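Each remark here refers to the structure printed beneath this line.
In the text below, chain A, chain B and the rest are named by the order of the sequence lines, each starting its count at 1. The model shown is predicted, which means the values in this text are computed figures rather than measured ones.
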Amino acid sequence: MSGEGTELPSTTEERGERENEAAETAASVPDTDPPSTPPSVAPPSSATPPPTPPAAATPPPAATPHPAVTPASPKATSSTKIDVLLKPAGNAPILKKKKWTVDRHKQIGWISEFIRKFIKTETEDSVFVYVNQSFSPSPDTEIGTLFDCFGSDGKLVIYYCRTQAWG
Amino acid sequence: MADDREILREVWDGRIPVCFLMAHEEIETLEEPEPYFLLVPRQSYFPLVTDKAHRQFSKHLSPERQQSAEMWLEFDGEPLKWHYPVGVLFDLYGSARTLPWTLTVHYQNFPEDELLHCPCKEAVEAHFMATVKEADAMKHRGQIINGMQKKDHKQLWTGVQNDKFDQFWSVNRKLMESEGEDVFKHIPFRIHQPNTLPIQKLFKPTDDNGEPHTLEHLLTFAVPDLEWPDALKSKRVLVQGIEPSLSTPLLWMSEHLSYPDNFLHVCVVPKVENED
């Protein structure tokens, strides 16, 4: 996708503080990709996307955040990406950066692993993730599927916590 | 809803004869284990029914391996996902022409990329309840399931676990009510095809003019890369082991042919020559 090269996160934490501002911008900037592009098919004209953001570009708090999650950026609204809002529940720590852009085909188990690393949970500690503040999707559920069924206002809200929050 | 109770009963009573065989290369005793035969409820999950098979087969592992042996099942090279109902797995990969359904029991080389671990029966319960909640979020914005008491949730689960139709349905009927204010907002469905993750989207029981949607409408919407109904020349569409007419109203199917997890699981599989 043509927009992919611009999704590189900035190098400082200040980015996280400005995220809401950035998110609002995102909503108003028109998508440069054709909206009808099927999620799994890249337009023939698109050059090979740049591999992954360099490790140095990831925000410092992450141990090893996966490169495919990039902070939301104005150009990140292509049809293959989902805006995900991560919210803490219970006593879970607040993430400095709440809004992320995630590939539709990423699975929820991968997201919980990402959160676990981000909030520096010890490996034996669990991370529970919830959609709709009610149910915990199976780890092999695709983010895109959850967004299609439970997204609102152009984003998917995912709650995370260290103990079971809802049933 | 209640008028077709005998259909609910027939669906509930669906069974699949299964033969479990231990993977030959994993047998660590001189003596070979016998095959293990079981009539498995379609509505159940494999971890709920394989305790005895596990006890029999794990005796043929080396003592140190027995301690932490986690069983997983495979059919014809395909690892079987324990968190899908048994009937869905059979419709996807099995065939009524070759019964019993012969599954291979493994304890080694757990396919981490394809299967979830199942540490205990509580994991199955948690998965089951989460799926019921997800379905009700689609049907009633979660209001019915969230309005229930904890003991009702437990009764749904024990009904499935112990194969008790009346116990399960006395609670489940509240989730399946689709009249007046409670009419389903969307049909909780998953369309399964071999080797892919299921398709799940929002789809209303009726169109903009209030006309009932049918199975064909659903397939046209959710599986648009195939031409319906022409695709039936090369595909079979199975729900609870039967091939319903594509003109069957979708709401009726949701109410009567859903699995206990409250999802209508539709399997679209390649047609095999001379399939019965």
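For Glu70(B), the CD atom sits in a packed shell: over 12 heavy atoms of surrounding residues, nucleotides or ligands are nearer than 6.0 Å. Annotation for Asp230(B): atom CG counts as buried by contact number, over 12 foreign heavy atoms lying within 6.0 Å. Within 6.0 Å of the CG atom in Asp225(B), the count of heavy atoms belonging to other residues, nucleotides or ligands exceeds 12.
Looking only at side-chain heavy atoms (C-beta outward), Asp140(A) and His83(B) come within less than 4.5 Å of each other. Taking the side chain as every heavy atom from C-beta outward, Phe135(A) and Met129(B) never approach each other to under 4.5 Å. Gln107(A) places a side-chain heavy atom less than 4.5 Å from the side chain of Leu197(B). Inter-residue side-chain proximity for Ser138(A) and Thr131(B) is flagged as unmet; no heavy-atom pair is nearer than 4.5 Å.
Contact of Phe150(A) with chain B is made through the side chain alone, with heavy-atom distances under 4.5 Å.
The nearest pair of heavy atoms linking Ser136(A) to Ala130(B) is O-CB, 3.3 Å.
Between Lys201(B) atom NZ and Phe147(A) atom CZ the span is 11.5 Å, to the nearest 0.5 Å. Rounding to the nearest 0.5 Å gives a distance of 10.0 Å between CG of Asn132(A) and CE of Met138(B). The CD atom of Gln200(B) sits 6.5 Å away from atom OG1 of Thr145(A), with the distance rounded to the nearest 0.5 Å. Taken to the nearest 0.5 Å, the SG atom of Cys149(A) stands 7.0 Å off from the CD atom of Glu134(B).
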